[in-house]
There are 2 protein chains.
Amino acid sequence: MIKRSVQRELIRNNLAHRTDHPTADMVYQSIREELPNISLGTVYRNLRFLVDQGDALSLKLGDGKEHFDGNVNPHFHFICTQCGCVDDIFMPSIDEICTTASKYYSGDIKGHSTYFYGTCPNCKTKH
Amino acid sequence: MIKRSVQRELIRNNLAHRTDHPTADMVYQSIREELPNISLGTVYRNLRFLVDQGDALSLKLGDGKEHFDGNVNPHFHFICTQCGCVDDIFMPSIDEICTTASKYYSGDIKGHSTYFYGTCPNCKTKH
DNA sequence: GTGTTTGCAAACCGTTTGCATGTCC
DNA sequence: GGACATGCAAACGGTTTGCAAACAC
């Protein structure tokens, strides 16, 4: 039986209202401003919980840290190789890509994640 | 100035002749059979070297370990969520996907990685 | 009351690094 | 001989976990 907790609701809410694809520590630092006694372990446990429940996405961007995304609708991600920021890219064919891949693979394809790498608009204007 | 070493050539060769997308430790165990004194640090250093040189790909599959791919030609990857195996998927549109994404994003997109998740043919037949 | 969640701190584990030694050119 | 590479072991950093106390229902 799942019980409510202030910590979990704060974490769920924090993730739902930000679009910067934070790491566990970023969520921890943010929550600590309103609940100073929360522990990092609790943040990790609840982020894992949310991912397992399907209420958050786990992103592996290649920087050695796990990032989290409160937007569970299928979409692509862009990672800036200069500043490390992560943006969402919504474009059509997001469903077709699996269908196409299925034709080239004999197993069952149920999901996918696509990361684009390059220079974000902000870093681009700095040169 | 880059110097040759037996260790580096063995690692490069090992990666080139396998398609199972091994972790550093898997390469280490494999090389140790012919060169028992090689150290794990050397394997890590040389895999990083090969990736930096563009002679190997680094894959973040979500299992917390870095995987390596000696095939640097652009292709998609399939990861079995049951056994964890990794297969290559070669299909068209691999170049188009960046072009399409560029139309939906104002930054410079220079590369991408796409992982498909599901059940591999081997695990599928077990049920 | 019973089973879940928390805070804390230690453990874990993949990876990196410092350093003395060895190797290539 | 000088720059680069290695082996070893310790350090590092993100994440997980064991446990007693606190909490939800």
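Atom CE in A/M26 sits roughly 15 Å away from atom C1' in D/dG14 (whole-Å rounding). Straight-line distance from the CG atom of A/L10 to the C1' atom of C/dT6: 13 Å, rounded to whole Å. Atom CZ in B/R48 sits about 14 Å away from atom C1' in C/dT17, given to the nearest Å. Between A/K65 atom NZ and C/dT15 atom P the separation is 16 Å, expressed in whole Å. Between the CD atom of A/E66 and the P atom of C/dC13 there is a distance of 17 Å, given to the nearest Å. Distance B/L47 CG to C/dG14 P: 15 Å, rounded to the nearest Å. Protein atom CG of B/L40 is 13 Å distant from nucleotide atom C1' of C/dT17, rounded to whole Å. Across the protein-nucleic acid pair, B/L59 atom CG and C/dT15 atom C1' stand 17 Å apart, rounded to whole Å.
Rounding to the nearest 0.5 angstrom, the gap separating the SG atom in B/C80 from the CD1 atom in A/I109 is 11.5 Å.
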Revision key, fill the gap. Going 5' to 3' through nucleotides 1-6 of chain D and flagging B where a protein heavy-atom sits under 4.0 Å of the base, S where only the sugar-phosphate is that close, and - otherwise, we get -BBSSB
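The two residues A/V86 and A/L61 have their closest heavy-atom pair at CG2-CD1, 3.3 Å. Here the shortest heavy-atom pairing between A/F78 and A/I89 reads CB-CD1, 3.7 Å.
Taking only side-chain nitrogens and oxygens, A/Y44 never comes nearer than 4.0 Å to OP1 or OP2 of D/dT16.
A salt bridge between A/R48 and A/E66 is present, with a side-chain N of the basic residue lying under 4.0 Å from a carboxylate O of the acidic one.
Side chain of A/H75 to main chain of A/N73: a donor-acceptor pair is present (N/O by atom type, distance under 3.5 Å, no hydrogens or angles).
Ring geometry for B/Y115 versus B/H77: interplanar angle of 30 to 60°, hence tilted.
Taking the nucleotide of DNA chain D with the nearest heavy atom to each of B/L35 and A/D63, the more 5' of the two is matched to B/L35.
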